[in-house]
**Q** 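Have a look at the structure that comes next, please.
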Amino acid sequence: MKITGWIFDVYAVDGGMRLWMIDAQGRKHRLLDPFSPAFYIGGAPAAVRPLVTFLSRLNLPLEITRTEGIEFYSGKTIPVTRVRTTNPIHFTKVARWCTSTAVQPEGSGISLYNCDLSLPQLYFFKRDLFPLAYCEVEVDPSGTIQAIVLLDSRWQTDYTTPPLVTMILRMEGGSLRPDQTGPRRLEVTIDGRTACLEADDEAGLIDRFDRLLLRHDPDLILSEWGDPYLLPRLIAMAKKKRFPLLLNREPDTGVVTRRERSYFTYGQVVHQAQAHLLLGRWHIDLHNSFLVDHTELEGLFEFARLSKIPVQQMARTTTGTGITSMQMDLAFQDGILIPWRKQESEAFKSADQLLLTDKGGLTYAPKLGFHEEVAELDFASMYPALMARYNISPETINCPCCPDNLVPEIGHHLCTKRRGLIPRFLEPFLAKRAAYKRLKKTTTDPELKARYDARQSALKWGMVTTFGYQGYKNARFGKIEAHEAITAYAREKLLQAKELVEAEGFEMIHAIVDSLWIKKQGTTEADYEALADRISKVCEIPIAFEGIYRWVLFPPSRSDREIGVPNRYLGVFRNGEVKVRGIEARRGDTPPFIRAAQTEMIACLSQAKNREEYEALLPQVEAIREAYRERLKARQVSFWELAISKTISKSPAQYQKDSLTAIVAKELAGRGVRLSPGESISYVITDSKARVKSDRARALGFIDGSWGFDAEKYESLLTQAAEILFPSPPDQLRQRKLLP
DNA sequence: AAAGTACGGGG
DNA sequence: GTGTACGTACTTT
């Protein structure tokens with residue numbers, strides 16, 4: 001029998017991989033693909049022998065043979081021992097034995113390869129398939145797969161996805177985490193109908209929920225707070241009532257959980273809630289997924305397809321893990337042995353070399369205040385473009401064969417003989433993103449446009465982390481020297497561009513890492529396009545002309561009014577598009593009320609064509625501020641509009657200072673809400689100067705009519721948000737006695 | 001004044 | 001189970 005459809009889910013079961021397919025009619029097919037994954041042991045025969053002896057005594061169906069593979073860093077073919085587990089359910093266990101220090105003590109001279117990949121990854125790598133791939137499968141009557149023909153490609157931009165029956169699971173009203181508010185009802189939406197289930201009748205709730213599951217058999221359970229709250233409670237209720245809860249499609253299995261964790265990334269603590277993964281069905285928590293949060297399901301599907309990580313797992317992991325998986329796949333297809341963990345340490349550097357290499361991106365201070373007719377030029381995806389152009393990769397940096405191909409400023413050199421894994425990974429990745437950006441521009445259908453935009457945005461995050469991983473000491477395919485080479489080239493390019501435009505008589509208003517703001521009287525858009533082409537030629541990577549601002553404003557730093565801040569500005573392009581960076585309207589911790597006020601003021605100012613018109617509009621901006629102030633005074637603002645959301649960086653008890661965030665985190669903890677670093681809380685400022693600290697702010701979810709808000713405090717936030725829009729150089733401020 | 005805390009940026 | 005920079009702004013003590 002032949003089945004044509006999309007690969008929906010893959011996981012290991014006794015005797016093979018369970019493969020779920022969904023066809024165009026929405027029928028689900030539960031299939032089995034026998035699969036024998038392998039890992040490899042390298043090292044001197046004398047060192048490997050004891051491990052092989054140990055493995056052969058395990059009394060498990062293993063196949064141990066001698067073979068060869070390519071060592072990643074040297075590119076040389078080396079002899080290795082292949083350990084194949086005939087039944088995939090033994091793989092992880094056996095591989096873990098080998099990696100455990102008991103079996104492989106430090107300094108044993110053994111190297112392990114391909115041993116720490118998940119089974120779906122190994123399966124997809126080996127079969128050259130991927131999640132959501134459209135294919136034709138030949139199965140025998142028992143449902144065992146005989147052959148799979150791929151009718152799809154990961155590099156296709158116009159792929160289709162299977163029809164999915166979706167159940168939406170959330171608590172009634174609001175998007176706050178359920179335990180951060182009072183009791184509410186459970187809302188189950190499926191097939192266009194919503195059922196509300198009362199939480200106090202546990203047996204009834206579980207019974208009704210189970211019946212909905214059985215009747216509709218959803219492929220996807222899309223939840224709000226399903227991971228940290230809804231699913232654990234449903235599962236616990238079912239257990240208490242001894243009621244079978246049929247969350248999985250795979251019979252006689254439990255829900256797979258993964259522990260919650262908090263980790264630090266890019267200077268911020270991130271919290272990943274406990275995961276609840278289903279078998280043969282997807283559970284995706286909208287609030288527990290970086291990718292879904294930033295790029296919707298569309299971006300998640302794109303990443304799952306490219307990375308070969310199943311959808312549910314991809315939803316809960318980082319884009320860094322996704323791009324690493326893509327790089328491992330590329331290596332796998334080339335017969336490269338995938339190193340178990342990073343083995344190379346940072347090469348020695350002298351003190352003065354350290355100073356040169358650790359500089360990172362180049363940043364200038366912008367010329368303060370209001371500017372007309374400024375053009376912006378941006379190097380497109382600068383860091384990935386540099387990696388691709390200069391062959392920057394962990395195995396090509398400081399190779400033994402090309403000591404003369406030097407990186408600017410620093411002593412590193414790059415390989416000219418072997419194309420690196422990272423550049424090879426980036427080429428199709430960059431091309432696919434460019435294709436989506438093109439499609440987004442040329443498509444008129446708004447739905448398609450949004451889809452292409454979500455996908456290109458997902459790929460953007462992949463590129464950002466590709467660079468970031470080079471500087472991360474535990475990255476599988478990263479090396480700090482490669483990171484340094486990238487930033488060294490980036491500084492060189494920005495300097496070259498700066499010199500070129502200044503030589504041509506342009507005034508530089510601002511420059512930062514990969515962007516330039518410049519002006520010269522009478523320069524047309526065509527002139528700027530031509531200028532961008534000249535810079536691209538000189539710099540060997542593309543720079544794009546973003547547009548001409550009617551006006552752009554670089555407000556002064558609040559700590560030093562003489563200087564500007566690199567990443568705080570607002571401007572309006574000739575086509576009316578507003579660009580805002582760093583100010584209140586862009587920040588995640590600005591209350592919706594203040595955000596709305598500032599956004600409205602900026603929209604008003606965006607009509608101005610020049611400084612004169614801008615200043616003429618300032619009274620209108622004042623009027624907008626006044627209207628918002630009136631609403632505060634009349635107390636016609638909801639708590640929701642005044643809520644401030646913050647990510648807590650530590651558990652409530654660890655706070656040393658009683659900031660409003662700490663006060664509210666402690667209030668919530670007192671109400672029995674478990675809060676981990678990286679989770680967010682929302683609060684309203686009730687009385688910022690109150691003696692009793694707990695009266696200063698209250699958690700949004702528990703605040704009631706007996707509380708008021710601190711109108712004065714919100715008014716000062718409003719004033720701040722407005723004042724930044726008033727352009728005045730320091731000397732004028734002095735004249736007006738606003739500065740000493 | 002110093003220390004603690006949180007945010008952005010990437011399109 | 002994988003990005004620990006860096007500068008700014010604001011608060012508390």
Side-chain angles (χ1 to χ4, degrees), chain A residues 116-118 258-259 261 263-270 272 275 290 294-295 309 313 316-325 341-342 358-361 363 365 378-384 433 436-437 440 453-454 456-478 480 483 487 512-515 544 546 555-560 563-568 579-584 586-590 644-650 654-663 665 677-678 680-681 685 688-689 693 696-697 713 716-717 720 724:
Chain A
D116 53 353
L117 282 75
S118 75
R258 285 203 191 147
R259 233 177 297 151
R261 65 196 177 99
Y263 58 95
F264 200 89
T265 169
Y266 273 88
Q268 221 192 7
V269 185
V270 178
Q272 186 77 51
F290 174 89
H294 289 79
T295 69
I309 294 173
Q313 280 86 338
R316 292 161 179 89
T317 194
T318 61
T319 52
T321 300
I323 55 116
T324 300
S325 181
R341 62 174 171 191
K342 182 131 168 161
D358 280 358
K359 278 197 295 199
T363 308
D378 292 341
F379 284 103
S381 309
M382 188 189 220
Y383 291 159
R433 172 143 188 263
Y436 279 137
K437 286 175 86 169
K440 182 192 148 192
D453 189 43
Q456 74 81 18
S457 165
L459 299 188
K460 178 203 74 185
W461 287 105
M463 299 194 319
V464 170
T465 46
T466 301
F467 164 68
Y469 261 35
Q470 288 307 315
Y472 173 50
K473 68 178 191 307
N474 291 325
R476 204 184 289 256
F477 299 115
I480 189 67
H483 189 271
T487 53
I512 173 170
V513 189
D514 56 358
S515 308
E546 282 296 298
S557 158
R558 284 194 174 122
S559 42
D560 181 351
I563 59 162
V565 180
N567 277 322
R568 277 165 73 90
K579 190 167 178 181
V580 171
R581 289 299 117 103
I583 67 173
E584 287 82 356
R586 274 289 276 205
R587 294 177 62 102
D589 59 350
T590 303
I644 293 170
S645 295
K646 297 254 194 209
T647 306
I648 62 167
S649 59
K650 50 197 75 180
Q654 288 172 319
Y655 276 94
Q656 302 172 52
K657 302 259 164 107
D658 288 317
S659 61
L660 298 182
T661 303
I663 291 165
S680 61
I681 60 170
I685 305 175
S688 62
K689 291 187 183 128
K693 284 175 181 165
R696 290 181 188 170
K713 181 72 191 169
S716 83
L717 293 177
Q720 265 189 6
I724 203 162

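Remember, it's a predicted structure, so these values are computed and weren't measured experimentally. In what follows, chains carry the letters A, B, and so on, assigned in the order in which the sequence lines appear, proteins first and then strands, with residues in each chain numbered from 1.
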**Q** Can you tell me how far the OH atom of A/Tyr655 sits from the CD1 atom of A/Ile663, to the nearest 0.5 Å?
**A**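 Those atoms lie 11.5 Å apart.
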
**Q** Using the P atom in both, what is the distance from C/dC10 to B/dG9, to the nearest Å?
**A** 16 Å

**Q** Which nucleotide in the set C/dG1, C/dG3, C/dT4 lies at the smallest distance from any side-chain heavy atom of A/Phe264?
**A**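 Closest nucleotide to the A/Phe264 side chain: C/dT4.
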
**Q** CD of A/Gln456 to NZ of A/Lys437: how many Å apart, nearest 0.5 Å?
**A** 5.5 Å

**Q** Considering every strand and a 4.0 Å limit on heavy-atom distances, what is the contact class for A/Asp514: base, sugar-phosphate, or nothing?
**A**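 It contacts sugar-phosphate atoms only.
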
**Q** Would you give the length of the straight line joining atom CG of A/Asn567 to atom CZ of A/Arg586, rounded to the nearest 0.5 angstrom?
**A**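 Reported value, rounded in 0.5 Å steps: 10.0 Å.
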
**Q** In whole angstrom, what separates A/Gln656's CD from C/dT11's P?
**A**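 Distance check: A/Gln656 CD to C/dT11 P gives 19 Å.
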
**Q** State which of C/dG3, B/dG11, C/dT13 makes the closest approach to the side chain of A/Thr465.
**A** C/dG3

**Q** For C/dG3, take OP1 and OP2 only and decide whether either is under 4.0 Å from a side-chain N or O of A/Gln470.
**A**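 For C/dG3, neither OP1 nor OP2 has a side-chain N or O of A/Gln470 closer than 4.0 Å.
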
**Q** Using a cut-off of 4.0 Å on non-hydrogen atoms, how would the nucleic acid contact of A/Ser557 be classed: base, sugar-phosphate, or nothing?
**A**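 Counting heavy atoms under 4.0 Å across all strands, the contact made by A/Ser557 is with sugar-phosphate only.
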
**Q** For A/Thr363, which contact category applies under a 4.0 Å heavy-atom criterion: base, sugar-phosphate, or nothing?
**A**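 Since no nucleic acid heavy atom lies under 4.0 Å of A/Thr363, the category is nothing.
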
**Q** Rounded to whole angstrom units, what separation is found between the CG atom of A/Leu459 and the C1' atom of B/dG10?
**A**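 Taking atom C1' of B/dG10 as the reference, CG of A/Leu459 is at 14 Å.
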
**Q** Which part of the nucleic acid, if any, lies within reach of A/Arg316 when heavy atoms closer than 4.0 Å are counted: base, sugar-phosphate only, or nothing?
**A**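 It contacts nothing in the nucleic acid.
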
**Q** Among C/dT8, C/dT11, C/dG3, which is the nearest nucleotide to the side chain of A/Lys713?
**A** C/dT11

**Q** Is there a side-chain polar atom (N or O) of A/Lys650 under 4.0 Å from OP1 or OP2 of B/dT5?
**A**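 Checking B/dT5 against A/Lys650, a side-chain N or O does come within under 4.0 Å of OP1 or OP2.
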
**Q** Base, sugar-phosphate, or nothing for A/Tyr655, non-hydrogen atoms under 4.0 angstrom?
**A** sugar-phosphate

**Q** Name the closest nucleotide to the A/Arg581 side chain, picking from C/dA9, B/dG11, C/dG3.
**A**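 It is B/dG11.
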
**Q** Calculate the interatomic distance between A/Ile480 atom CD1 and C/dA5 atom C1'; express it in whole Å.
**A** 11 Å

**Q** Quick one: is B/dG4 close enough that its OP1 or OP2 comes under 4.0 Å of any side-chain N or O from A/Ser659?
**A**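 Looking at the OP1 and OP2 atoms of B/dG4, neither is under 4.0 Å from any side-chain N or O of A/Ser659.
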
**Q** For A/Thr661, answer base if it contacts any base atom (sugar-phosphate contacts may also be present), sugar-phosphate if it contacts only those atoms, and nothing otherwise; contact means non-hydrogen atoms under 4.0 Å.
**A** sugar-phosphate

**Q** Taking atom P of C/dG3 as reference, at what distance in whole Å does atom CD of A/Gln272 sit?
**A** 12 Å

**Q** Looking only at side-chain atoms of A/Arg568, point me to the closest of C/dG3, C/dT8, B/dG4.
**A** C/dT8

**Q** For B/dG9, take OP1 and OP2 only and decide whether either is under 4.0 Å from a side-chain N or O of A/Lys579.
**A** no

**Q** For B/dG10, take OP1 and OP2 only and decide whether either is under 4.0 Å from a side-chain N or O of A/Ser381.
**A** no

**Q** When we call it a touch if two heavy atoms are under 4.0 Å apart, what does A/Gln720 touch: a base, just sugar-phosphate, or nothing?
**A**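 If one applies the 4.0 Å heavy-atom cut-off, A/Gln720 turns out to touch the sugar-phosphate alone, with no base involved.
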
**Q** With a cut-off of less than 4.0 Å, is there a side-chain N or O of A/Gln268 near OP1 or OP2 of C/dT4?
**A**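 Answer no for this pair, as no side-chain N or O of A/Gln268 is under 4.0 Å from OP1 or OP2.
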
**Q** Does A/Arg586 make a side-chain N or O approach to OP1 or OP2 of B/dG9 shorter than 4.0 Å?
**A** yes

**Q** Where do A/Thr321 and A/Thr324 land on the side chain to side chain donor-acceptor pair (under 3.5 Å) test, with the steps shown first?
**A** CA-CA 5 Å; A/Thr321 300; A/Thr324 300; over 6 Å; no

**Q** Dot-bracket, DNA chain C: Watson-Crick or G-U, under 3.5 angstrom, [ ] crossing, | other strand?
**A** .....||||||||

**Q** Whole Å only: how far is the CD1 atom of A/Ile583 from the P atom of C/dG7?
**A**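 From A/Ile583 CD1 to C/dG7 P: 22 Å.
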
**Q** Hey, does the side chain of A/Ser559 come within less than 4.0 Å of C/dA9's phosphate (OP1/OP2), counting only N and O?
**A** yes

**Q** Just checking A/Ile648: base, sugar-phosphate only, or nothing, at a heavy-atom cut-off of under 4.0 Å?
**A** sugar-phosphate

**Q** Would you mind telling me which of B/dG11, C/dT8, B/dG4 lies closest to the side-chain atoms of A/Lys460?
**A**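 From the listed options, B/dG11 comes nearest.
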
**Q** Please tell me which of the listed nucleotides, C/dG1, C/dG3, B/dG8, lies nearest to the side chain of A/Arg587?
**A** B/dG8

**Q** Under 4.0 angstrom, heavy atoms only, what part of the nucleic acid is A/Lys646 near: base, sugar-phosphate, or nothing?
**A**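 Here A/Lys646 touches the backbone only, sparing every base.
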
**Q** With a 4.0 Å cut-off on N to O distance, would you call A/Lys460 and A/Asp453 a salt bridge?
**A**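 A/Asp453 and A/Lys460: not salt-bridged.
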
**Q** Go through it in stages, so that I can follow the logic: the residues are A/Thr661 and A/Ile648, the test is side chain to side chain contact (heavy atoms under 4.5 Å, CB included), and I'd like the CA-CA distance, side-chain angles, deciding distance and then a yes or no.
**A** CA-CA 7 Å; A/Thr661 303; A/Ile648 62 167; 3.9 Å; yes

**Q** Are A/Lys689 and C/dT11 close enough that a side-chain N or O sits under 4.0 Å from OP1 or OP2?
**A** no

**Q** Counting any heavy atom closer than 4.0 Å, what does A/Val464 reach on the DNA or RNA strands: base, sugar-phosphate only, or nothing?
**A** base

**Q** So A/Lys440, base contact, sugar-phosphate only, or nothing? Heavy-atom distance under 4.0 Å.
**A** nothing

**Q** Working to the nearest 0.5 Å, report the span between CD of A/Gln720 and OG1 of A/Thr590.
**A**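 These two atoms lie 10.0 Å from each other.
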
**Q** Just jot down the ring pair (Phe, Tyr, Trp, His ring centres under 6.0 Å) partners of A/Phe290, sequence neighbours excluded, or say none.
**A** A/His294, A/Trp461

**Q** Can you check side chain to side chain donor-acceptor pair (under 3.5 Å) on A/Arg568 and A/Ser557, steps first, answer last?
**A** CA-CA 9 Å; A/Arg568 277 165 73 90; A/Ser557 158; over 6 Å; no

**Q** Could you grab the distance from atom CG of A/Leu660 to atom CZ of A/Arg696, nearest 0.5 Å is fine?
**A**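 Nearest 0.5 Å value for the CG-CZ distance: 7.5 Å.
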
